[in-house]
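Accompanying notes for the structure given below.
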Amino acid sequence: MKRSTRRHLVQGVLYVVFIAVVLFVVLSADWGRIQPYFFNLDVAASLFPEIVLTAAKNTVIYTLIAFVGGVLLGLLLALMKLSPVLPYRWLATGYIELFRGLPALLVIFGFAYALPIALSWQPPGGSTGAGLIGLIIVSSAYIAETIRAGIEAVPKGQMEAARSLGLTPLWTMITVILPQAFRIITPPLTNELVIIIKDTSLLFIAGMALGDRELTVFARDGLTSTANATPLVIAALLYLVITLPLTQLVAKLERHNKRGR
Amino acid sequence: MKRSTRRHLVQGVLYVVFIAVVLFVVLSADWGRIQPYFFNLDVAASLFPEIVLTAAKNTVIYTLIAFVGGVLLGLLLALMKLSPVLPYRWLATGYIELFRGLPALLVIFGFAYALPIALSWQPPGGSTGAGLIGLIIVSSAYIAETIRAGIEAVPKGQMEAARSLGLTPLWTMITVILPQAFRIITPPLTNELVIIIKDTSLLFIAGMALGDRELTVFARDGLTSTANATPLVIAALLYLVITLPLTQLVAKLERHNKRGR
Amino acid sequence: MIPVSHTASEETGRGPTAAAPAIEVRELCKTFGTNAVLKGIDFHVDQGEVVCVIGPSGSGKSTLLRCVNRLEEPTSGTIVVEGIDITDSETDLDAVRTRIGIVFQQFNLFPHLTVLQNLTLAQRRAKKRGKREAAEVARKNLEKVGLSEKADAFPTQLSGGQQQRVAIARALSMDPDMMLFDEPTSALDPELVGDVLEVMKQLAREGMTMMVVTHEMGFAREVGDRVVFMDGGVVVEQGVPEDVLGNPQHERTQLFLSKVL
Amino acid sequence: MIPVSHTASEETGRGPTAAAPAIEVRELCKTFGTNAVLKGIDFHVDQGEVVCVIGPSGSGKSTLLRCVNRLEEPTSGTIVVEGIDITDSETDLDAVRTRIGIVFQQFNLFPHLTVLQNLTLAQRRAKKRGKREAAEVARKNLEKVGLSEKADAFPTQLSGGQQQRVAIARALSMDPDMMLFDEPTSALDPELVGDVLEVMKQLAREGMTMMVVTHEMGFAREVGDRVVFMDGGVVVEQGVPEDVLGNPQHERTQLFLSKVL
Amino acid sequence: GGGSDDAGADPSAGAGGLDLVSEGSLTVCSDVPYPPFEFEENGEYTGFDMDLMKEVAKGMDLEFTVQDVGFDGLQSGAVLAAGQCDVGASAVTITEERQASLAFSDPYYDSLQSLLVPEGSDIASIDDLGKKRVGVQQGTTGETYTRENAPEDTEVVSFPSDAEMYASIQAGGVDALLQDLPVNIGHTEDGAFTLAEEYPTDEQYGFIMKKDGTEDLVAAVNEQLTAMRDNGRYQEIYDSYFTE
Ligand SMILES: Nc1ncnc2c1ncn2[C@@H]1O[C@H](COP(=O)(O)OP(=O)(O)OP(=O)(O)O)[C@@H](O)[C@H]1O
Ligand SMILES: Nc1ncnc2c1ncn2[C@@H]1O[C@H](COP(=O)(O)OP(=O)(O)OP(=O)(O)O)[C@@H](O)[C@H]1O
Ligand SMILES: [Mg+2]
Ligand SMILES: [Mg+2]
């Protein structure tokens with residue numbers, strides 16, 4: 001038997017096994033039993049349009065706030081971590097290690113409750129505002145590492161060329177390093193954005209007013225009042241509607257970068 | 001004024017501002033008000049040794065199960081995504097996009113409840129077992145992308161050199177590509193491990209028997225029964241005890257890799 | 001998709017025959033997307049002949065060489081290696097490849113394996129040689145390139161020139177019938193070029209069939225039996241070195257030589 | 001930490017004087033960790049002189065050149081550029097650097113800026129030139145290197161030789177008093193080397209002070225006023241090109257030249 | 001299972017009539033802890049709901065097994081549909097909407113709500129909540145009651161569980177909590193908070209079961225509840241949790 005023939009045979013067998021597995025899973029599932037709990041049409045209909053106009057909208061707003069805040073704070077932390085000044089480096093490292101090591105749930109809880117107790121200060125935006133501060137803190141720790149990696153990925157020669165032209169360190173950073181760093185990290189940064197979209201579901205731990213509800217809280221409200229899991233499924237679909245275009249964008253950017261190399 | 005003098009001055013001012021901010025935060029915090037609610041010694045004492053022997057232990061066990069499962073499934077998905085066979089690529093891409101786009105919370109919920117209903121099948125380990133399947137599914141989607149990136153980061157010349165020596169594609173993958181890919185991705189893979197440690201806190205959505213509780217469930221139960229946040233603080237510290245050595249390891253590996261280049 | 005001509009293999013049968021040229025390329029075309037890189041190449045290397053291929057950057061030299069062992073899929077045309085039509089989809093490529101040694105500009109040693117393991121891997125997996133036999137062959141070839149004492153070193157511990165000599169020894173360990181070189185000295189510091197060229201001259205003296213893409217005109221003049229000048233995806237001129245290098249007929253050849261000599 | 005001698009600047013005052021050499025290096029030592037790379041270099045370049053530095057890989061040529069504008073921090077020794085002691089911590093390095101043009105082996109163009117923007121950036125930020133004046137100077141220098149028509153191209157759209165000529169034009173746009181070159185043609189395809197050398201010869205004819213680290217012995221012989229041979233971190237031999245290249249005194253020089261000529 | 005022999009007093013709950021998830025035992029799902037309805041003490045599940053179900057199981061001659069499940073799985077009825085347990089006992093309010101998806105037992109507890117405020121607060125009744133922030137637990141009677149009875153301009157903040165609510169009132173995030181009376185009583189113990197008002201609601205708690213195919217189980221549970229009320233066992237348990 002020739003090798004190429006054998007290879008075709010192996011490939012054929014793999015195909016058959018693969019299709020068999022898919023068929024088995026699909027057929028052995030009792031779709032009729034799932035449907036009333038997970039795809040109840042009446043329940044689904046009762047969620048609209050509010051689930052989009054309030055819940056999805058709030059998810060997007062919270063995501064943008066946490067992302068913009070995270071990028072600004074993250075940029076500061078990244079520069080501190082790369083700074084020659086030792087205490088800055090320590091502070092940034094400690095901050096990043098701390099907030100990357102803790103579950104976001106606990107951090108949000110801490111900021112929502114410990115901060116007001118400690119400082120006798122109510123953050124703007126009430127409980128959601130406090131939760132958002134926690135989310136910004138967590139995301140900035142991750143984003144700081146992404147930005148630092150981006151800065152370090154800019155070839156050292158760029159810095160040297162800029163400095164030997166007489167540019168100051170600040171101007172070098174602004175005009176030469178950061179523009180390239182942000183281009184390099186657009187894919188991982190978009191990934192951070194997707195992660196934040198999903199982490200907004202943790203804001204609930206800080207408590208939420210009716211008009212402030214995002215997708216997960218809204219879905220859980222629906223779940224308790226209807227005693228049915230359909231709201232979670234609808235929420236899941238809406239998450240995909242928001243995140244999938246972004247992950248597609250990341251994939252496209254990565255392909256683009258690869259070609260550019 | 002000489003430039004270097006000016007630079008020293010600017011740096012000095014920055015220092016002063018920085019120390020002032022730190023002092024302000026420390027002094028304006030009312031530590032006396034925080035202490036009884038967040039560091040109650042009696043409450044803390046009542047948590048031991050169970051919080052270590054049961055909760056932390058379970059967290060570690062769940063993490064290992066989800067990580068090993070995630071790496072095995074992720075490797076399969078990565079190879080499928082790089083395969084020349086179109087349906088494999090589609091399936092892997094769809095799977096990865098789906099489970100990276102959904103909040104882990106919803107996926108765990110789905111697997112904990114939809115799977116048993118649909119298949120009339122109780123996963124081993126009860127609700128925790130079902131939740132773990134969800135966690136494996138989610139982590140495998142992320143790990144697949146990490147492994148794929150690792151494989152693609154192995155210089156193309158390695159594959160070409162191996163193939164032109166007459167090695168088959170399978171042997172090339174096993175003896176040449178994967179060993180290098182895994183070396184490259186040790187840092188991001190360790191990061192995935194840290195993320196999984198923290199994501200085990202989401203297993204609470206699947207519910208948990210007394211002996212199966214991990215750190216977050218244990219701490220939240222403690223919070224409710226003691227009406228005090230000390231259990232959360234202790235849990236946070238224990239998370240750091242588990243994650244910090246790992247993040248340190250990642251940092252060390254990254255420094256090492258950089259030097260090696 | 002790939003027009004396949006069986007004539008060559010029908011005439012000569014499988015396996016090398018004294019009469020057949022080592023490499024015979026007929027009307028080879030290769031297109032990347034819309035970029036026609038090879039535009040109908042007719043080219044051959046006789047048994048025991050040393051052919052040097054020269055030409056400007058982008059003229060298609062590497063692509064031609066890579067087509068010869070199907071690292072690139074030809075768009076059309078026929079390539080017959082020792083009487084075997086390698087554009088035929090039934091041909092066992094892995095077996096043919098063990099008979100063609102290739103050395104690239106980038107040395108492409110396997111960085112995770114020692115020098116000895118680099119030399120034995122393909123012997124054992126593709127040639128199914130035993131451990132002892134493979135090591136014996138490897139040591140013999142390491143001695144040939146003057147690096148016996150480096151058997152247990154890792155590639156990164158060697159200088160560029162040493163790495164390239166190991167790459168040659170690795171290719172020789174498969175007992176190839178011919179060796180292809182793609183600018184083997186371009187990535188080397190000038191003072192390390194000599195050692196590599198010396199090894200190649202030695203090979204030529206021993207009667208190895210060789211196809212060498214190079215910018216080293218001195219080597220081409222001294223060692224080459226024939227020089228082929230390529231430009232824009234076609235063979236512009238070929239002949240004995242004295243003619244092509246000393247008295248070029250075509251304008252393009254004259255222009256190129258005026259720049260590099 | 002860095003021993004500083006004020007004698008040079010005290011003797012000559014600030015600013016260039018006709019008598020002072022353009023570059024004067026005295027007892028320069030540079031250690032990386034435990035690796036002594038420069039072991040007491042005494043070296044100078046006079047106004048209008050073209051000095052070529054040759055030597056084997058790792059001998060410290062690049063390190064010497066990089067010390068001259070403090071891209072590397074000298075471990076000990078003095079470097080006086082146009083009468084200004086640049087190892088003095090009070091020296092405004094950015095101002096000195098605008099007077100020293102550097103061209104690297106890797107062209108280090110800013111990939112996110114057009115050719116024109118590459119040439120105007122430092123003029124505007126470091127020399128505070130107006131937009132129009134900067135563009136004018138840039139165009140003048142682009143014409144000088146024969147690339148007027150590429151002003152609006154991005155670096156990736158240029159060949160290696162064109163990129164290197166842009167890098168030269170960028171350095172010239174700062175109106176430097178001297179130019180340092182670090183193997184400016186090593187990263188180029190052989191047929192692109194000529195254009196770059198031509199631009200450099202033109203510069204030399206115009207009387208530019210130049211320090212050129214190179215492997216191009218032809219250039220050194222034709223253009224160099226003096227050739228300096230370095231090995232193992234010391235200057236082994238120097239003199240007019242005919243002597244050093246044609247009739248080397250030291251064994252190490254002879255060995256090196258026998259390999260590269 | 002052998003257990004149903006004894007319950008054979010009622011012909012409708014005859015042997016084999018109950019399709020239990022684990023033969024011979026009554027598996028009860030609950031979202032623990034929610035004191036005093038369900039909580040853990042010395043490694044055992046206890047509380048009002050738990051003690052009642054323990055009696056029910058005993059009366060049906062079944063083993064009593066508890067599964068601690070998450071809030072979402074329980075409230076959506078998914079744990080019942082997924083076959084993890086037979087009965088849900090977790091202070092679930094009987095509502096018409098839920099009855100469309102779940103089967104309820106007879107009511108076993110009249111929901112009493114109350115308003116918790118910090119000591120010295122100027123909130124004396126639900127009518128003072130205007131422009132104030134009041135914390136409620138998602139999916140509870142307290143939440144519904146607040147939305148229906150508090151002034152229009154009250155800001156109602158919902159929380160995943162009582163733990164976060166209590167944390168929030170301490171942090172000053174909310175000015176009052178409207179919650180099950182027994183739960184709020186627990187929060188008055190250290191003296192920082194006090195009860196401003198109590199509200200009888202016309203809502204009641206019931207045990208939940210799967211919607212379809214559990215008619216026999218519902219009847220059997222109801223029968224036990226009736227028997228407990230008749231023989232005074234219900235009052236005994238009630239008093240141990242809700243009367244000083
Ligand atoms: N994988 C590929 N995809 C697309 N284009 C390619 C690919 N490989 C080579 N090319 C293009 O084919 C042309 C010829 O490339 P090739 O490497 O054969 O030239 P060469 O003569 O070897 O040049 P050099 O001396 O620079 O190595 C170039 O224009 C190159 O851009
Ligand atoms: N940043 C650095 N850190 C540590 N060692 C360094 C660094 N830069 C250079 N070296 C070491 O200093 C020595 C001299 O390097 P240098 O680049 O000056 O040599 P060179 O003469 O320019 O060689 P080449 O011809 O290869 O460019 C080398 O051994 C190198 O490994
Ligand atoms: Mg090539
Ligand atoms: Mg150098």
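Throughout, a chain's letter reflects where its sequence line sits, starting with A, and its residues are numbered from 1.
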Flag the pair [X] / [Y] as yes when at least one side-chain heavy-atom distance between them is below 4.5 Å, and no otherwise.
X	Y	answer
C/Arg99	C/Pro176	no
C/Gln162	C/Val166	no
B/Tyr62	B/Ile197	no

Is it the case that atom CD in C/Gln157 sees more than 12 heavy atoms from other parts of the structure closer than 6.0 Å?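 Yes, enclosed.
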State the CG-CD distance between C/Asp177 and C/Glu82, to the nearest 0.5 angstrom.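 That separation rounds to 4.0 Å.
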Contact summary for C/Val45 and C/Met211, nearest pair of heavy atoms: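 Smallest interatomic distance, heavy atoms only, reads CG2-CB, 4.5 Å.
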Segment of [X] engaging chain B (4.5 angstrom heavy-atom cut-off):
X	answer
C/Phe104	side chain
C/Arg66	side chain
C/Leu180	neither
C/Ile100	backbone

In chain order, what residues pass the salt bridge (charged side-chain N to carboxylate O under 4.0 Å, His left out) check against C/Arg124, with sequence neighbours excluded?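 Scan of C/Arg124 (salt bridge (charged side-chain N to carboxylate O under 4.0 Å, His left out), adjacent residues dropped) gives none.
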For C/Pro184, the option from C/Met179, C/Met200, C/Gln105 that meets side chain to side chain contact (heavy atoms under 4.5 Å, CB included):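 Checked C/Met179, C/Met200, C/Gln105 against C/Pro184; only one passes side chain to side chain contact (heavy atoms under 4.5 Å, CB included): C/Met200.
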What residues of residues 113-121 of chain C sit under 4.5 Å from chain B when you count only heavy atoms?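 The stretch touches chain B at C/Leu121.
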